[in-house]
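Just so it is clear, the structure is predicted and the values come from calculations on it, not from any experiment.
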Amino acid sequence: MLKTFYQFLMTQRNPESYDPMATFANNAFYDSAFPKQETDFETLSKYLEENASYLPSMTIFDDAWRLYQDFLA
């Protein structure tokens, strides 16, 4: 079964870390509207651009997406 981006992102959580990826994951965990079942880059990117004020740079998402793609391979 294909893991969603959210499922992958939750593997990056670390409440004690200030690493941008961990901070993104920690904040996404508390975002009740995050599209948890999504696997599409464009849909996720659009959601984050429009709704995720906790994400200071889309580069963090791009880096997470690359890791997600490697994770799926």
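- Between Tyr6 and Leu44 there is no side-chain heavy-atom pair separated by less than 4.5 Å.
- Applying the salt bridge (charged side-chain N to carboxylate O under 4.0 Å, His left out) rule to pairs touching residues 46-59 yields Lys46-Glu50, sequence neighbours excluded.
- For residues 28-38, no residue pair satisfies the salt bridge (charged side-chain N to carboxylate O under 4.0 Å, His left out) rule, not counting sequence neighbours.
- In plain terms, the two heavy atoms of Thr4 and Thr39 that are nearest each other are CA-CG2, 3.9 Å.
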- request: Apply side-chain contact (heavy atoms from CB on, under 4.5 Å) to Phe29 and Arg13, showing your working.
  value: CA-CA 8 Å; Phe29 177 76; Arg13 283 188 72 214; 3.6 Å; yes
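- Residue pairs meeting the salt bridge (charged side-chain N to carboxylate O under 4.0 Å, His left out) criterion with at least one member in residues 58-69, sequence neighbours excluded: Asp63-Arg66.
- In this structure, Leu48 CG and Ser57 OG are separated by 11.5 Å, a value rounded to the nearest 0.5 Å.
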Let me have the donor-acceptor pairs involving side chains of residues 14-21, under 3.5 Å, with sequence neighbours excluded, atom names and distances please.
residue: Asn14; atom: OD1; partner: Glu16; partner atom: N; Å: 3.0
residue: Ser17; atom: OG; partner: Asp19; partner atom: N; Å: 2.9
residue: Asp19; atom: OD2; partner: Met21; partner atom: N; Å: 3.0
residue: Asp19; atom: OD2; partner: Ala22; partner atom: N; Å: 3.3

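- When the ring-ring contact (aromatic ring centres under 6.0 Å, His included) test is applied to Phe5, the partners found at least two apart in sequence or on another chain are Phe61, Trp65, Tyr68.
- In terms of the ring-ring contact (aromatic ring centres under 6.0 Å, His included) criterion, residue partners of Phe71 (sequence neighbours excluded) are, by chain and number, Phe8.
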query: Under the side-chain contact (heavy atoms from CB on, under 4.5 Å) criterion, do Asn27 and Leu55 qualify, and how do the steps go?
result: CA-CA 8 Å; Asn27 287 323; Leu55 191 61; over 6 Å; no
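- Note that CG of Leu72 and CG of Leu67 are 11.0 Å apart. Values are rounded to the nearest 0.5 Å.
- Nearest heavy-atom pair across Tyr54 and Ala28 is OH-CA, 3.7 Å.
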